[in-house]
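Atoms within a ligand are numbered from 1 in the order they appear, just like the ligands themselves.
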Amino acid sequence: MSEVALAKKLYVKTYGCQMNVYDSARMADVLAPLGYVATEGPEDADLVILNTCHIREKAAEKVYSELGRLRALKQARAEAGERMTIAVAGCVAQAEGAEILRRAPQVDLVFGPQTYHRLPELIARAARAQGAGGRAGGVLDIEFPVESKFDHLPEEAAPQGVSAFLSVQEGCDKFCTFCVVPYTRGAEHSRPAAEIVAEAERMVAGGAREITLLGQNVNAYHGAAPPRGVSVGAMGGAASWGLGRLIRRLAEIEGLARLRYTTSHPRDLDDELIAAHAEVPELMPYLHLPVQSGSDRILEAMNRGHRTEDYRRKVARLRAARGDLALSSDFIVGFPGETDRDFADTLALVTEIGFAQAYSFKFSARPGTPAAAMDGQVPEPVKAERLAALQALLAAQQAAFNQAQAGRVLPVLLEARGRKPGQLTGRSPYMQAVHLAAPARYLGQIVAARIDTAQANSLSARLWAAEAGPGAEVAAPSATTPSVTTPSVTTPGVTTPSVKTPSVKTPSVKTGVLA
Ligand code: SF4
């Protein structure tokens, strides 16, 4: 029989953040030895995996409606004498568990984020259940196993490309009162440093020039130091490494031009990591550092474990370490008990700090979290009005930041072909999407690009020079970035003065995992 005939088709639909993107790729790695190859859609797939996310509103309901569509497909395939296996993975699987098998009996397999290394065994069990003359109740595995899945995953089967994600930490012990992560991803766990270095080296050998280190609370990283006798480059000593140290070691990998990390918690931003921002040129000057609210009263109700003053101090130290650091954040508006005054404090903090990019959401209760049961739930129209005001302010800051790049020459890592013929797209050091006309041979290279115009979410540029350094050190023809004025924003009962955004700050990665 030919290899083609042996191949089974796998379709993974990924919801949510980069950690889920990474997990989906690793699921494909686990399944590759079983003959599974990726297919573009569920129609012809032998195995469909929904890798779900529980962060956003109505996450579970969206999964159930997708499962409704898959039920019809599975039925049609069965009528044609073909078998389709449907699996639900990720955080909704972890949170809903057996409820999925009860509400959606077409599902064969439910497994959580910590058990996908067991996929071959789970699929075999699901096949036995299917072959046993109908349903045997589906297979459920939502344990938090003692052994780490990373000890059991195979090496990556396929390179991720120029810009790669590498999961270094999972789970969270902080228990913010609005967040499901500690319940769906479990306790904080860091991978050993040697394992991460080895994976990063393979990624670079496979063509990666940029690696983004991932974790629900990535700067809480404290992985075991490499054992004696294992090459650790210039780094030695210490039983465990923090993220700053790990970044320094990864920056030594030849061919790796850029490093990023997400998502961070202000409390875990330590001296070593701040120093890395000053001293490691490969570490890009962009940081997603969620603050969530500008009100200390609300931060306490959120159980964030930091105050606004702590955030201000950390930002000041970061900016002292890296003058052009661009900041991004997450915000929740309408948290239970949030008053007009609290919201005004959020606007004031945004105005004071100045963000190059940010994500903002209305509070929505996640079942099982403490905030869901709190008194003082804010009416929807009030939340909507506050969100609109906050987003107007953030959008103005982002536009100002983007416009401030016009005329500068920035190093851009070209990652993909653009939508227009002859166009390539890449990222600036500040995570801005940059479009320019260039021959396809420049894909995977860091070029110097002169920024011509700025749009709300991207920059248009022209090729300035074929090679540029890893960071933002390319000289700009007009080197200064003008300071910009953010328009005043009025909210119910609250007026925020118009303010100046301090010179340069920054922009976007698809985030969504909270820290
Ligand atoms: Fe942990 Fe971040 Fe969730 Fe808080 S918001 S519990 S820090 S993952």
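Judged purely by distance below 3.5 Å, without hydrogens or angles, the side chains of Y64 and E96 pair a donor atom with an acceptor atom. A donor and an acceptor atom, one from each side chain of S295 and D345, are nowhere located under 3.5 Å apart. No hydrogens or angles considered: a donor-acceptor pair under 3.5 Å links the side chains of Y430 and D324. With hydrogens and angles left out, the side-chain atoms of S163 and E210 include a donor and acceptor closer than 3.5 Å.
A cation-pi arrangement is absent between R366 and F178, since the terminal nitrogen or guanidinium carbon is not both under 6.0 Å from the aromatic centre and inside a 45° cone about the axis.
In this structure, H277 has its ring center under 6.0 Å from that of Y261.
With a 4.0 Å cut-off on non-hydrogen atoms, F175 touches ligand 1 through its backbone and not its side chain. Heavy atoms of P182 found under 4.0 angstrom from ligand 1 belong exclusively to the side chain.
Using a cut-off of 2.8 Å, one finds that C172 contributes no N/O/S atom close to atom 3 (Fe) of ligand 1. Put simply, C176 stays out of reach of atom 1 (Fe) of ligand 1, with no N, O or S atom under 2.8 Å from it.
Within ligand 1, the atoms closer than 4.0 Å to a non-hydrogen atom of H265 are 7 (S), numbered from 1 in the order shown. Listed by number with element, the atoms of ligand 1 under 4.0 Å from a non-hydrogen atom of V181 are 8 (S). The F178 neighbourhood of ligand 1 comprises atoms 5 (S), with distances under 4.0 Å to a heavy atom of that residue.
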